[in-house]
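The chains referred to below are lettered A, B, ... by the order of the sequence lines, with proteins before strands, and numbering in each begins at 1. Any value given below was found using the heavy atoms of this structure, including those in side chains, with hydrogens, waters and symmetry copies removed.
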Amino acid sequence: MSRLELLTVEGLRIDGRRPNELRKITAKTSVLAQADGSAYIEQGNTKCLAAVYGPQEVRHRMQILHDRAIINVEFNVAPFSTSERKKRSKNDKRSLEIASAIKQTFEPVVQTSQFPRSQIDIYLQVLQHDGGTLQACINAATMALIDAGIPMIDYVCASTAGCIEKQPVLDLNYLEESSDSPELTVAILPRTGKVNLMSMESRLHVDMLESVAALATQGCEQIHTILDSVVRQNTQLLKDSMLQ
Amino acid sequence: MVREAEPSLNEKQFVLRALKDGLRTDGRRPYDFRSIQISFLSEYGHVQIQLGRTRVTRVSAKVTAEVVRPRPDKPTEGLLLFNTEISPMASPAFEIGRPSEEEVLISRTIEKALRRSRAVDTEGLCIVAGEKVWSIRVDLHFFDHEGNLVDCASIAAITALLHFRRPDVTVIGEEVTIHPMDQRNPVPLSVHHIPICVSFSFFADGELLVVDPSIIEEQIREGDMTIAMNIHKEICALSKAGGIPLEMDQIIRCSKIATTKTAEITELIQKALADDKAQRQSK
Amino acid sequence: MKRSDGRTEPSQLRAFAASQSLLNRADGSAKFSFGESTVIASVVGPAEVKIRDEKMDEATVEVIVRPAVGFPSTKDKLLERALRQTVEPTILAGMMPRTLIQIVVQIVQEDGNMLSTAVNAISLAMLDAGLPMNSLAAAVSAIIDQEGNLLLDPNSKELENASSVHTFAFDNTTSYNLLLSHCIGTYSQEQYLDCLDACKHASERVHSFIRTAVEKRIEKEYQQLQSS
Amino acid sequence: MTENQVASSFSFKIFERIKPDEYFRRFIEENVRPDGRALHTFRPTSIRQGAITTANGSAMVRIGGTTVVCGIKAEVAEPRVDRPKDGFLVPNVELSPICSANFRPGPPSEQAQVNAEIINQVLINCDIVDLSELCIDEGKAVWSLYADIVCINYDGNILDASFLALLCALKDLSLPTAEVLPSSIVQANSSMMIKPLKLRRLPISSTFCIFANPKVTLSDPTDSEENLSKETVSIILDTDGKILYVHKSGGAMCDAEMMKSCFSRANERAAELNELIERTSSQ
């Protein structure tokens with residue numbers, strides 16, 4: 001396999017972005033009529049839909065917790081989401097891992113102790129996959145939870161960063177992700193800057209970790225600004241419509 | 001499924017108070033690993049790892065090889081498979097056929113640390129492109145769960161891969177001959193680097209941390225993180241799936257700790273392999 | 001005659017080895033080997049049982065077999081059922097109604113006779129777990145090779161040359177009852193009865209070995225108690 | 001029916017339900033079984049070959065209330081790398097909720113898997129068929145036979161019924177002649193049908209169950225008899241009186257004398273069924 005040139009001489013990336021530039025983000029909330037809260041997010045060509053149901057009755061009595069709500073996450077990738085049709089079952093280890101990571105990310109953030117003996121369902125559906133599935137899912141889930149009016153201590157904003165030829169780059173796309181370069185996904189709580197989730201694949205020198213993580217954190221903060229403005233806009237609209 | 005008994009409030013408080021004073025219930029300091037015992041069984045590639053001395057975490061790994069057809073999209077690459085199903089032998093909380101969250105995370109961490117980081121040269125496993133390749137499978141058997149299965153499993157898997165020998169092959173034209181072990185010396189796999197997992201548990205809002213958590217520490221922890229690293233200071237996998245939010249500095253500190261632990265463990269593995277080699281030759 | 005692994009007698013068994021209480025998470029555990037064939041068994045119970053499997057008048061016995069390599073196949077299912085049906089009659093299950101006795105068998109190394117090795121490992125593990133039992137099962141395998149010789153405790157090389165494979169398990173009551181007979185291949189009734197007889201004698205040796213193993217362990221524990 | 005009669009017929013049904021073992025014991029003491037059979041008689045058995053026209057070979061077998069259908073479908077497959085000449089014969093037993101309330105929907109039950117495995121092992125180990133007869137072109141294409149044994153109605157003794165059904169379906173099997181064209185496409189000529197598989201021996205299975213109190217052996221147990229007795233003996237013989245498979249487990253009542261009597265009953269049964277198979281095949 002001939003190696004792809006991922007960085008041009010001018011330091012531009014394969015899709016023309018600068019190393020520290022995010023892809024275009026579009027976020028919408030309340031996209032589904034049936035769900036208690038829902039969101040749709042596009043980060044470049046990665047498209048993800050999230051639906052939140054609950055707090056509601058716990059489905060399996062075995063799982064009831066008496067002091068807080070349980071969070072249940074289901075993650076699904078549409079078979080048409082990649083260039084080659086790949087049927088990935090819901091129980092494939094990778095999907096299970098992502099679902100469990102998202103669940104554990106939101107557990108300390110959602111104020112579950114306000115809803116004892118109940119369950120909050122988060123359903124995630126990836127429609128188009130172009131790198132950074134996990135970050136898109138987390139961002140979509142945050143928006144959907146906010147849309148559902150479930151109390152949280154903060155936003156959870158996620159972003160990826162990698163390292164190509166010793167140059168830290170932000171928000172990898174599919175080509176960059178699959179080229180064997182390291183990919184770090186970070187989710188932070190923007191208010192405190194604390195790291196909630198961190199996951200990395202492929203090899204990265206430990207001395208680079210700090211700078212790559214710092215870049216990812218910057219990305220998270222940028223995403224936070226975008227998501228926050230969407231939420232504020234929506235709330236403003238809602239307020240206006242109520243006042244009329 | 002038999003549910004794992006939760007530690008009592010008293011136990012919890014005891015462990016936490018001790019940790020605040022920098023002590024652990026099994027007498028270790030916070031950054032200490034339990035003693036690692038590596039024992040080789042009679043076959044090549046069959047290793048048992050024990051963490052600790054009395055109440056041990058015990059995992060064994062067994063490597064086997066067979067000749068198969070390669071995947072059509074990767075005709076020149078051999079296969080590397082891991083089987084990490086955990087039986088109720090390790091702890092009655094595990095169930096057959098339905099992977100628990102813990103099992104999924106262990107399996108994915110091993111996959112990422114050993115396969116995604118290309119620890120084993122899979123292209124060297126090709127015999128005839130598009131026709132025949134070696135399929136190497138690593139079966140992990142979990143015997144006792146006294147905390148930190150993932151580190152124990154990663155050490156077992158990589159040690160077994162380093163120890164394994166496959167039968168030699170000669171290819172003349174289309175003809176492939178596989179030489180039985182007793183006719184020609186078997187050959188080792190080519191292993192590029194040795195990734196070692198180091199796990200951390202966090203307590204008291206992420207202020208306190210321990211390396212190589214025991215089972216009670218795992219039960220009462222607020223968050224966890226696993227870093228897989230090799231001796232070249234490359235991080236092969238890092239996963240902190242939720243749990244208590246941490247400061248970035250804390251994570252960077254953990255990566256530094258992991259660097260030294262990795263170096264120590266790698267040395268230990270290499271010594272054990274050298275000892276075993278000497279022993280086998282003297283026989 | 002000389003056998004492929006250096007044994008000189010057709011009725012010679014490979015060296016037994018056993019250790020007990022080697023796992024700390026299980027209620028009872030044991031490792032048993034015939035030569036290179038090694039099995040670890042663990043026993044948990046009496047424990048909570050799933051409502052679906054609950055029996056009102058006795059304990060539910062579950063056996064799980066984990067192969068040394070790969071995922072469990074239907075072959076292991078067959079082994080599971082044979083093992084369960086062999087050891088179940090030796091447990092006083094009526095004393096523990098509505099509970100679960102879970103037995104996990106991990107095959108460590110395969111060199112023939114996995115069924116008989118596993119029966120012996122389970123027996124030892126159940127003793128270690130302190131389950132109420134009425135007797136103790138012990139098993140031995142034999143083959144009839146292509147030349148018609150009866151060989152006890154065959155290794156995997158001898159199994160390749162077998163025309164039939166026989167495994168028998170007996171309890172240790174005075175009448176020495178037959179608990180299991182699992183025989184496959186082509187053979188006559190006389191050959192079957194010969195194997196039955198040979199295995200019966202050999203299993204007495206396994207029984208006495210198990211007895212000494214347990215006695216030694218208890219003695220050791222007692223001494224430790226005394227000295228401390 | 002008078003009121004009295006209703007009451008008595010009602011009460012013996014209740015008796016059967018609440019004290020099944022005692023109900024059964026009273027029958028056995030009179031040397032008769034609840035369905036009117038003597039202790040050692042098998043239920044009436046019938047065979048219909050070629051019951052399914054869409055299959056390459058099929059048979060329906062009834063043993064009393066137990067009905068099974070075996071259909072064999074042939075597919076072209078690539079042989080294994082290490083056995084380039086051998087085809088495949090894959091038996092599969094299906095026990096769905098349709099045939100009895102004992103079975104739950106979902107993945108195959110233990111009983112179904114175990115029966116399929118017994119059939120498979122006997123086929124492999126007892127020299128019944130020669131799989132190289134299924135070769136189309138060495139190393140390139142072989143026939144793979146999927147023998148699905150579906151139970152329609154379950155009333156005990158599934159092993160005997162499935163074995164008999166499989167055997168008759170194999171006897172009924174006919175395949176088109178096939179060749180591998182230079183373009184490596186397999187062409188089948190369905191106008192030329194052949195009977196590729198010769199059965200080297202005719203394995204016939206007989207199952208018995210043993211009661212502890214009173215100590216008796218029953219041939220061909222029904223579902224309710226199977227539930228009452230845990231100890232069973234299955235014997236597979238060929239028509240020359242060679243034993244192929246003996247399995248006994250589940251209790252400690254059976255001794256060598258009982259085994260001998262089972263052998264002689266199994267021999268009689270084998271002769272009887274052999275005649276029946278001959279008669280059906282010649283029709």
Side-chain angles (χ1 to χ4, degrees), chain C residues 52 58 61-64 72-90 93 115 119 134-135 137 139 144 159 162-173 175-197 200, chain D residues 21 90-93 104 107-128 200-201 203 210 212 229-238 240-264 266-267:
Chain C
R52 207 174 66 171
E58 58 176 2
V61 179
E62 183 186 24
V63 178
I64 297 165
S73 64
T74 48
K75 204 176 118 208
D76 302 298
K77 279 271 168 232
L78 184 63
L79 204 55
E80 278 175 9
R81 192 178 75 162
L83 288 171
R84 192 185 67 231
Q85 292 185 340
T86 307
V87 298
E88 219 175 4
T90 68
L115 181 55
V119 169
N134 59 28
S135 60
I144 307 273
L159 280 168
S163 71
S164 61
V165 186
H166 307 253
T167 301
F168 296 95
F170 300 88
D171 66 13
N172 61 346
T173 56
S175 50
Y176 234 73
N177 297 317
L178 176 65
L179 288 172
L180 165 83
S181 147
H182 184 88
C183 310
I184 192 161
T186 42
Y187 48 98
S188 67
Q189 195 176 322
E190 288 71 45
Q191 284 173 322
Y192 173 82
L193 294 170
D194 285 349
C195 288
L196 178 77
D197 210 44
K200 195 170 187 169
Chain D
D21 33 2
V90 189
N92 174 38
V93 176
R104 297 196 185 97
S109 61
E110 185 193 74
Q111 198 182 0
Q113 288 187 48
V114 166
N115 276 306
E117 181 61 24
I118 292 173
I119 293 172
N120 188 29
Q121 288 199 358
V122 171
L123 287 175
I124 293 171
N125 291 317
C126 302
D127 191 30
I128 289 165
R200 297 195 172 167
R201 41 178 106 234
I210 295 164
S229 141
K230 284 182 175 169
E231 191 165 3
T232 56
V233 180
S234 290
I235 299 175
I236 300 180
L237 300 170
D238 72 358
D240 303 331
K242 279 270 180 201
I243 308 172
L244 306 179
Y245 177 82
V246 177
H247 184 92
K248 180 232 98 90
S249 62
M253 297 306 300
C254 186
D255 50 26
E257 285 311 306
M258 280 179 122
M259 289 303 283
K260 278 185 205 163
S261 88
C262 290
F263 281 134
S264 66
N267 258 322

In terms of side-chain geometry, is the basic nitrogen of Glu117(D) or Arg81(C) positioned less than 4.0 Å from the acidic oxygen of its partner?
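Judged by the 4.0 Å cut-off on N to carboxylate O distance, Glu117(D) and Arg81(C) do not form a salt bridge.
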Rounded to the nearest 0.5 Å, what's the gap from CG on Leu78(C) to CG on Asn115(D)? Could you check?
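Here the interatomic distance stands at 9.5 Å.
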Rounded to the nearest 0.5 Å, how far apart are CG of Asp240(D) and OG of Ser188(C)?
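One finds 12.5 Å between CG of Asp240(D) and OG of Ser188(C).
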May I ask you to name which of Gln121(D), Lys242(D), Glu110(D), Glu231(D) has the most heavy-atom pairs under 4.5 Å with chain C?
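Among Gln121(D), Lys242(D), Glu110(D), Glu231(D), the one with the most close pairs to chain C is Glu110(D).
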May I ask you to test the [X]-[Y] pair for a side-chain heavy-atom distance under 4.5 Å?
X         : Y         : result
His247(D) : Gln85(C)  : yes
Asn120(D) : Lys75(C)  : no
Met259(D) : Leu196(C) : no

Which pair of heavy atoms, one from Ile243(D) and one from Tyr192(C), lies closest together, and at what distance?
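Smallest interatomic distance, heavy atoms only, reads CD1-CB, 4.3 Å.
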Closest approach of Ile184(C) to Cys126(D) (non-hydrogen atoms, all atoms of both residues):
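Scanning both residues, the minimum pair turns out to be CG1-SG, 4.1 Å.
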Return the option, out of Pro89(C), Ser164(C), Ser181(C), with the maximum number of heavy-atom pairs under 4.5 Å with chain D.
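Of the options given, most contacts go to Ser181(C).
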Select, from Val165(C), Leu179(C), Leu180(C), the one with the greatest count of heavy-atom pairs under 4.5 Å involving chain D.
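Ranked by contacts with chain D, first place is Leu179(C).
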Using non-hydrogen atoms only, which part of Asp255(D) is less than 4.5 Å away from chain C: side chain, backbone, both, or neither?
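For Asp255(D), neither part sits under 4.5 Å from chain C.
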Audit row: Gln113(D), Glu80(C), side chain to side chain contact (heavy atoms under 4.5 Å, CB included) steps and yes/no:
CA-CA 11 Å; Gln113(D) 288 187 48; Glu80(C) 278 175 9; over 6 Å; no
Is there a donor-acceptor contact under 3.5 Å from the side chain of Lys248(D) to the main chain of Leu178(C)?
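Yes; judged by distance alone, with no hydrogens or angles, the pair exists.
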